[in-house]
**Student:** 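Shown below is the structure under consideration.
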There are 2 protein chains.
Amino acid sequence: MGAMENKDQSLLTRTAVIEMILSGTWVQDHLSEALKPYKLSIAQFNVLRILRGQKGKPASLACVNDKMIHKMSNTTRLVDKLLKKGLVDRIICPNNRRMIELTITSEGLELLKELDVVIDKTEEQLMSNLTPNEVNALVELLQKLKE
Amino acid sequence: MGAMENKDQSLLTRTAVIEMILSGTWVQDHLSEALKPYKLSIAQFNVLRILRGQKGKPASLACVNDKMIHKMSNTTRLVDKLLKKGLVDRIICPNNRRMIELTITSEGLELLKELDVVIDKTEEQLMSNLTPNEVNALVELLQKLKE
DNA sequence: CGATAACATTTGTCTATACAACTAATGTAT
DNA sequence: ATACATTAGTTGTATAGACAAATGTTATCG
């Protein structure tokens with residue numbers, strides 16, 4: 001393997017790394033733009049979706065945190081904001097008073113129903129330059145990458 | 001096209017969106033981990049690289065900002081930190097006193113030389129699960145996506 | 001039973017980012 | 001030349017995130 005090929009390869013690698021950062025922020029920028037009229041951050045939106053996914057079964061903070069896209073140190077304060085907006089309920093778990101039980105309120109569910117449409121459309125637009133096969137290939141590459 | 005195919009397609013789209021966010025933060029986490037011993041953020045490191053890329057020719061703040069991966073509102077304060085560390089110089093442009101001229105110092109160049117090794121290795125590791133062809137395909141998909 | 005460890009969440013603090021208002025310098029048009 | 005707009009950068013402020021220490025609760029072990 002010559003020096004030239006090494007250089008090409010490391011340039012490609014660097015390009016890939018930069019493209020991944022750019023693509024990640026690109027996606028997030030568009031999503032948070034779509035959420036802006038609803039005064040929700042992506043993180044807040046995801047917590048709501050996680051709670052809906054529980055189908056009534058309450059979730060602890062740690063459980064929510066595990067399922068979050070951005071692991072953050074500070075889920076308490078994030079949930080505080082959703083509480084203030086009346087989108088979630090928080091009670092102390094009767095069986096284990098160290099834990100809390102989070103559930104989504106009916107207002108939260110209503111809001112999510114509205115957001116589903118908005119987010120679906122945004123996600124579709126974001127991917128509109130790729131064919132379904134290409135989207136599939138992209139997902140597989142990204143998953144393989146992080147295995 | 002049946003309802004089933006629609007659902008599959010939108011699930012795939014959603015998966016792709018999430019994978020892109022995850023991959024972006026995954027890359028950034030590893031890079032900032034690699035930079036940690038040097039007390040540099042990714043943004044600071046990129047400013048240094050941008051200035052080195054100028055090959056002695058000074059750059060204005062706006063110029064640096066245009067080339068940055070994360071467009072940020074606040075390049076002034078970022079550069080302040082590099083100044084305090086002695087990694088860059090900042091003078092007022094004599095031709096247009098509104099502008100500043102940023103250059104990287106020799107200390108900055110020294111540091112970058114050290115970091116090149118570290119970052120190259122990190123980037124190589126990040127991509128090590130993919131073959132060169134796959135990395136290439138990934139780059140092409142990501143670029144096509146954002147066209 | 002009492003001390004200690006482990007657990008789940010909260011709080012404090014410091015730094016980072018977003019957004020808008022501000023300052024200073026230059027360009028433009030009458 | 002004066003007024004007005006534009007440009008380049010800086011500063012203020014409010015919000016978000018990282019990290020570590022603190023709080024309160026339950027489990028474990030002698």
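All values derive from a computational prediction rather than experimental measurement. Each chain gets a letter, A, B and so on, in the order the sequences are listed, and its residues count up from 1.
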**Student:** Do A/K146 and B/E19 pass the salt bridge (charged side-chain N to carboxylate O under 4.0 Å, His left out) test, and can you show the C-alpha distance, the side-chain angles, and the key distance before you say yes or no?
**Tutor:** CA-CA 10 Å; A/K146 304 197 295 303; B/E19 278 298 325; 2.4 Å; yes
**Student:** Please find the pair of heavy atoms, one from B/I42 and one from B/L31, that lie closest to each other, and give the distance.
**Tutor:**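 In this case the closest contact between B/I42 and B/L31 is CD1-CB, 4.0 Å.
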**Student:** I'd like to know if the side chain of A/N129 reaches the main chain of B/K144, judged simply by a donor and an acceptor atom lying under 3.5 Å from each other, with no hydrogens or angles considered.
**Tutor:** yes
**Student:** Looking at every non-hydrogen atom in both residues, tell me the closest pair between B/M20 and A/L142 and how far apart they are.
**Tutor:** CG-CD1, 3.9 Å
**Student:** Which atom pair, heavy atoms only, marks the closest approach of B/M127 to A/V17?
**Tutor:** CE-CG2, 3.8 Å
**Student:** Under 4.0 Å between a side-chain N or O of B/K71 and OP1 or OP2 of C/dA18?
**Tutor:**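 No.
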**Student:** State, to 0.1 Å, how close A/G56 and A/T103 come at their nearest heavy-atom pair, and which atoms those are.
**Tutor:** O-CG2, 3.9 Å
**Student:** Using every non-hydrogen atom in the two residues, find where B/A43 and B/L78 come nearest and quote the distance to one decimal.
**Tutor:** CB-CD1, 3.6 Å
**Student:** With a 4.0 Å heavy-atom cut-off, tell me which residues in residues 29-57 of chain A come close to DNA chain C, sorted by residue number.
**Tutor:** A/K36
**Student:** Mark up nucleotides 1-10 of chain C, 5' to 3', with B wherever a protein heavy atom is under 4.0 angstrom from a base atom, S wherever such an atom reaches only the sugar-phosphate, and - elsewhere.
**Tutor:** -----BBSSB
**Student:** For the pair B/T13 (side chain) and A/E123 (backbone), establish whether a donor and an acceptor sit closer than 3.5 Å, ignoring hydrogens and angles.
**Tutor:** no
**Student:** Between which nucleotides of DNA chain D, 5' to 3', does chain B make heavy-atom contacts below 4.0 Å?
**Tutor:** D/dT6 to D/dC19
**Student:** Given axes from five pairs at either end, by how many degrees does the helix from C/dC1-D/dG30 to C/dT30-D/dA1 bend, rounded to 10°?
**Tutor:** 0°
**Student:** Both A/C93 and B/D80 contact DNA chain D. Taking the nearest nucleotide for each, which residue is further toward the 5' end?
**Tutor:** B/D80
**Student:** Which salt bridge (Lys or Arg N to Asp or Glu O under 4.0 Å) pairs, counting each pair once, include a residue from residues 23-42 of chain B, with sequence neighbours left out?
**Tutor:** B/E33-B/K36
**Student:** For the backbone of A/Q125 and the side chain of A/S128, can you confirm whether one donor and one acceptor N or O come within less than 3.5 Å of each other?
**Tutor:**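 Yes: the side chain of A/S128 pairs with the backbone of A/Q125.
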**Student:** Under the criterion side chain to side chain contact (heavy atoms under 4.5 Å, CB included), which of B/L87, B/L111, B/L112 is the partner of B/I104?
**Tutor:**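 Of the listed residues B/L87, B/L111, B/L112, the side chain to side chain contact (heavy atoms under 4.5 Å, CB included) partner of B/I104 is B/L112.
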**Student:** Grab the two heavy atoms, one from B/L40 and one from B/Q44, that are nearest each other, plus how far apart they are.
**Tutor:** CD2-OE1, 3.3 Å
**Student:** Going by ring pair (Phe, Tyr, Trp, His ring centres under 6.0 Å), name the pairs with one or both residues in residues 31-82 of chain B, residues two or more places apart or in two chains.
**Tutor:**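 For residues 31-82 of chain B: none.
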